[in-house]
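Remarks on the structure that follows.
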Protein chains: 2
Amino acid sequence: MEEGTSTSLGYPEGTVSAWSDAHQWDTREDCEVRQILDRIADKWSLLVLALLAERPLRFSELRRRIDGVSQRMLAVTLRHLERDGLVSRTVFPVVPPRVDYALTELGESLGSTVQALVEWTEGHQERIIEARNRYDSAKVSAEA
Amino acid sequence: MEEGTSTSLGYPEGTVSAWSDAHQWDTREDCEVRQILDRIADKWSLLVLALLAERPLRFSELRRRIDGVSQRMLAVTLRHLERDGLVSRTVFPVVPPRVDYALTELGESLGSTVQALVEWTEGHQERIIEARNRYDSAKVSAEA
DNA sequence: TTCCATACTTCCCAATGGTGACCCAAGATG
DNA sequence: CATCTTGGGTCACCATTGGGAAGTATGGAA
């Protein structure tokens with residue numbers, strides 16, 4: 001998208017700081033942000049990260065803690081997070097296999113943010129549920 | 001999933017605090033957290049929230065800013081966020097229709113967290129990309 | 001009269017997520 | 001010896017979802 005010609009939304013260039021002007025996650029390099037955000041901010045990743053932020057856990061522990069997650073999804077999620085360098089995978093060659101997952105240093109730097117997100121959700125779930133009910137009943141009466 | 005028989009991980013009830021040991025998002029009431037987290041922390045919602053945290057925007061502005069998003073997905077996302085009471089929708093009955101979206105008070109309380117997440121991503125994308133490359137090349141050589 | 005813009009909605013198909021079955025290894029159990 | 005169990009996975013398949021294209025309504029411009 002052409003910078004200069006962008007019209008009604010044209011912010012004067014030069015006002016740029018981390019969070020100012022044309023925050024645009026599109027065809028530019030920033031699209032990688034989109035891609036990464038996608039990865040870390042999906043359903044299971046957030047939960048895994050939040051749990052691992054507390055302490056390292058084994059595969060089966062994670063599975064039990066999260067418990068809506070299927071083996072495949074947990075495995076896939078962990079593999080993604082490992083690929084992205086956010087979690088480390090330690091295999092103990094013992095006979096019932098044992099694999100520990102922990103946050104890497106990089107992962108830890110995300111941990112607090114993710115926890116903040118989860119905590120926000122916990123703290124505000126009631127208000128959200130209220131809002132949903134309001135919205136739904138308003139919609140129903142509007143349709144009537 | 002028998003509660004009582006669950007062994008090594010059986011948490012005694014009553015030891016639960018906001019972020020203590022028994023963080024388990026499963027069959028209990030906490031499952032709502034999962035549901036909500038799902039909603040707010042998906043691909044487009046985060047980006048929308050982050051953008052609206054800067055300032056209110058119109059539908060088409062959001063679309064241009066995010067620009068990987070289809071009309072449908074943006075509409076769906078906004079409807080969800082509106083339902084959850086995180087964004088407000090203001091329709092101006094003018095002739096090319098105009099609809100403004102803004103964070104509600106509730107949405108604003110999330111805004112900073114979401115921004116933090118996005119900023120983290122922006123700040124660490126290079127390290128993640130490096131990690132990916134490392135992982136991928138390690139995997140390739142392992143397969144050879 | 002046709003075209004344009006905005007803000008959607010509907011339809012359809014491909015991609016993706018998720019489920020359950022199966023696999024592997026070795027020690028315990030019968 | 002055969003079989004079961006346990007932990008950590010993979011695989012094939014199906015349901016859900018995401019995304020693209022096109023349709024809708026409105027009134028003003030060309």
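Here the structure is a predicted model, which means the values were calculated and not measured. Lettering follows sequence order; numbering is per chain, from 1.
Here C:dT10 presents its C1' atom at 17 Å from CG of B:Leu74, a figure rounded to the nearest Å. Regarding A:Phe59, its CZ atom lies at a distance of 9 Å from the P atom of D:dT10, rounded to whole Å. Per the geometry, CZ belonging to A:Phe92 stands 14 Å off C1' belonging to D:dG8, to the nearest Å. Atom P of nucleotide C:dT6 and atom CG of B:Leu57 are separated by 14 Å, given to the nearest angstrom. Across the protein-nucleic acid pair, B:Asp42 atom CG and D:dT16 atom C1' stand 15 Å apart, rounded to whole Å. In this structure, CD1 of B:Ile66 is placed 15 Å from P of D:dG18, rounded to the nearest angstrom. Rounded to whole Å, the distance from CD on B:Glu61 to C1' on C:dC8 is 16 Å.
Side-chain atoms of A:Thr121 come within 3.5 Å of backbone N or O of A:Leu117 as a donor-acceptor pair. With hydrogens and angles disregarded, no donor-acceptor distance shorter than 3.5 Å links the side chain of B:Arg89 to the backbone of B:Asp100. Side-chain atoms of A:Ser45 never come within 3.5 Å of backbone atoms of A:Asp42 as a donor-acceptor pair (strictly under, hydrogens ignored). Checked by atom type and distance alone, the side chain of B:Arg127 never pairs as donor or acceptor with a backbone atom of A:Leu106 at under 3.5 Å. At distances below 3.5 Å, at least one donor-acceptor pair connects side-chain atoms of B:Ser137 with backbone N or O atoms of B:Asn133. B:Glu119 contributes no side-chain N or O that, together with a main-chain N or O of B:Ala116, makes up a donor-acceptor pair within less than 3.5 Å. Here the side chain of A:Thr104 pairs a donor or acceptor atom with the backbone of A:Leu86 at under 3.5 angstrom.
Note on A:Leu110: it clusters hydrophobically with A:Trp120, by side-chain heavy-atom contacts below 4.5 Å among ILVMFWY residues.
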Given B:Val48 and B:Ile66, is the side chain to side chain contact (heavy atoms under 4.5 Å, CB included) satisfied, shown in steps?
CA-CA 8 Å; B:Val48 168; B:Ile66 299 182; 3.7 Å; yes

Check nucleotides 18-22 of chain C against the protein and report each pair of N or O atoms closer than 3.5 Å, with its distance, or say if there are none.
unit_1	atom_1	unit_2	atom_2	d
C:dG18	OP1	A:Lys43	NZ	3.1
C:dG18	OP2	A:Trp44	NE1	2.9
C:dG18	N7	A:Arg72	NE	3.0
C:dG18	N7	A:Arg72	NH2	2.0
C:dG18	O6	A:Arg72	NH2	3.3
C:dT19	O4	A:Arg72	NE	2.9

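As judged by a 4.0 angstrom heavy-atom cut-off over every strand, A:Arg58 is placed among residues touching the sugar-phosphate backbone only.
Using a 4.0 Å cut-off between charged nitrogen and carboxylate oxygen, A:Arg132 and B:Asp84 count as a salt-bridge pair.
Less than 4.0 Å separates DNA chain D from at least one heavy atom of each of the following residues of residues 95-103 of chain A: A:Pro96, A:Pro97, A:Arg98, A:Val99, A:Tyr101.
A sub-4.0 Å separation between OP1 or OP2 of D:dG7 and a side-chain N or O of A:Arg63 is absent.
End-to-end axis angle of the helix from C:dT1-D:dA30 to C:dG30-D:dC1, from C1' rotation axes over five pairs per end: 30° (rounded to 10 degrees).
Rounding to the nearest 0.5 Å gives a distance of 5.0 Å between CG of A:Leu81 and CG of A:Leu49.
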